[in-house]
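Read the structure below first, then the notes.
Side chains included, hydrogens not; waters and symmetry mates left out as well; all remaining heavy atoms used. Every chain is numbered from 1, with letters handed out A, B, ... down the list of sequences. This one's a predicted model, so the numbers in the text were calculated from it and none came from an experiment.
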Number of protein chains: 2
Amino acid sequence: MANANTNVANAAQPANVANAAEPAKTANAAHPQGSTPSLQDLVGYALRRAHNRMMGDLAVTLEPTGLRRVLVAMLAVIRAKPGIIQMGLGTELGIQRANLVPLINELTALDLIDRRLAPHDRRALALFLTAKGEAELDRTLALVLAHEERTLARLTASERKQLLGLLDKIAAD
Amino acid sequence: MANANTNVANAAQPANVANAAEPAKTANAAHPQGSTPSLQDLVGYALRRAHNRMMGDLAVTLEPTGLRRVLVAMLAVIRAKPGIIQMGLGTELGIQRANLVPLINELTALDLIDRRLAPHDRRALALFLTAKGEAELDRTLALVLAHEERTLARLTASERKQLLGLLDKIAAD
DNA sequence: GCATAATGTTGTGGAACATAACAATCAAGG
DNA sequence: CCTTGATTGTTATGTTCCACAACATTATGC
């Protein structure tokens, strides 16, 4: 019942909020009629708790690398789409371009990415991983892999695939 | 592929980070051997996207009430455990007691909760919902119910129950 | 009774995010 | 061509959330 992020380093976020567990149309056994929905039955609350747990563990996992979650995500996207411009990266990760600038600066200062002028648009800057960036991302992804294995230890492979599908249905556009 | 929280009001959080989709022991079809794991296959990334989607929608849902997520969660816990002390509330929601103080002050200023001395511990303050707090929580939970129905529209009742179970397995302890 | 722990409180700093404004460039239309 | 408007990157600034440290008051254990 206690939250997961009580001591996971820097990752404690506030808390979820109340959410109703079941749609109104199908009253279930948990709180049949006028009974007040409990936080435990709410998907949103469970989602936040799981999120806190994973992000907290991920933060401590990434600690030795010196990279934060956002930076790793940025590296992964840049590897997947070499030459992506800043605006595109921001859109993909939900980061506004103003806030993206210092993050890009960090990665370039660490010599993990290169920033070159985009071929046909002299406003835009195309982003590429450096050799060091490739290597660093590989090492980091290995850690992240171990992290997922750790936090998802209670789930079978089929359950993980199920979960992935269900979450995607929620996040879908 | 674009993130869900591009325009959902105040809810845009940075982004997830790379996570490996499958445990090392069972190589799957998505990225069989040395292939780099993609963000799309990572449970942690899907979790963050779903989290952003739901929390963003919840924030706009709660806007007309003037209450933030944390405050609603606090009210729900206090209703479930009347007389709970601040420390207990903080532990349950993953909020440090220092940060809890101004939140409690907000709720008392709104006349939604009462703060009385705990019976057998003159340090602690026991928390109770006021009549206004009860009513306000009821009205708010109705909105939250509609919010869950909206964001989980793509999931059947059985899928929602599955999801709840899987998420709880992650957040456990 | 005294040392130690727990509870609430205050103050402070940092990280993440939003917003506004600006220069340079592109794109479209007159 | 050239002017208007949109786009990209950038800087600056404010807000919010959270962590951490320190303190007074009260409980607890020896």
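Using a 4.0 Å heavy-atom distance criterion, Ala118(B) is classed as making no nucleic acid contact. Leu125(B) comes within 4.0 angstrom of the backbone, heavy atoms only, and of no base. Residue contacts shown for Ile104(A) are absent, as no nucleic acid heavy atom lies under 4.0 Å away.
Atom pair Arg123(A):CZ and dT10(D):P shows a separation of 13 Å (rounding to whole Å applied). Between the CG atom of Asn52(B) and the C1' atom of dA16(C) there is a distance of 13 Å, given to the nearest Å. Whole-Å rounding puts the Ile85(A) CD1 to dT8(D) P distance at 5 Å. The distance between atom CG of Leu100(B) and atom C1' of dC20(D), rounded to the nearest whole Å, is 16 Å. Atom CG in Leu117(A) sits about 15 Å away from atom P in dA24(C), given to the nearest Å. Rounded to whole Å, the distance from CG on Asn99(B) to C1' on dG14(C) is 13 Å. Taking atom CG of residue Leu107(A) and atom P of nucleotide dG9(D), one finds them 15 Å apart after rounding to whole Å. In this structure, the CE atom of Met74(B) is 12 Å from the P atom of dC17(D), given to the nearest Å.
Under a 4.0 Å N-O distance rule, the pair Arg68(A)/Glu63(A) does not qualify as a salt bridge. Note on Asp138(A) versus Arg79(A): salt bridge recorded, some NZ/NE/NH1/NH2 to OD/OE distance being below 4.0 Å. Ion pairing of Arg139(A) with Glu134(A) is absent here, as no side-chain N (NZ or NE/NH1/NH2) approaches a carboxylate O to less than 4.0 Å. No salt bridge links Arg154(B) with Glu159(B); every basic N to acidic carboxylate O contact stays at or beyond 4.0 Å.
Proximity of Arg69(B) to the phosphate of dT16(D): no side-chain N or O atom is located under 4.0 Å from OP1 or OP2. Residue Arg97(B) places no side-chain N or O under 4.0 Å from the OP1 or OP2 atom of dA6(C). For the OP1/OP2 pair of dA18(C) and a distance below 4.0 Å, the side-chain nitrogens and oxygens of Gln96(A) include at least one atom meeting the criterion. Dashed line: the shortest gap from a side-chain N or O of Arg122(A) to OP1 or OP2 of dC26(C) is under 4.0 Å. In terms of phosphate contacts, Arg68(A) brings a side-chain nitrogen or oxygen within less than 4.0 Å of OP1 or OP2 of dA16(C).
Each of Asn105(A) and Ala124(A) lies near DNA chain D, and the nucleotide nearest Ala124(A) is the one positioned closer to the 5' end. Along DNA chain D, the nucleotide closest to His120(B) and the one closest to Asp121(A) are compared, and the more 5′ of them pairs with Asp121(A). For the pair Ala98(B) and Leu103(A), nearest-nucleotide mapping onto DNA chain C gives the more 5' position to Ala98(B).
One N or O on the side chain of Glu148(B) and one on the backbone of Val43(A) form a donor-acceptor pair closer than 3.5 Å.
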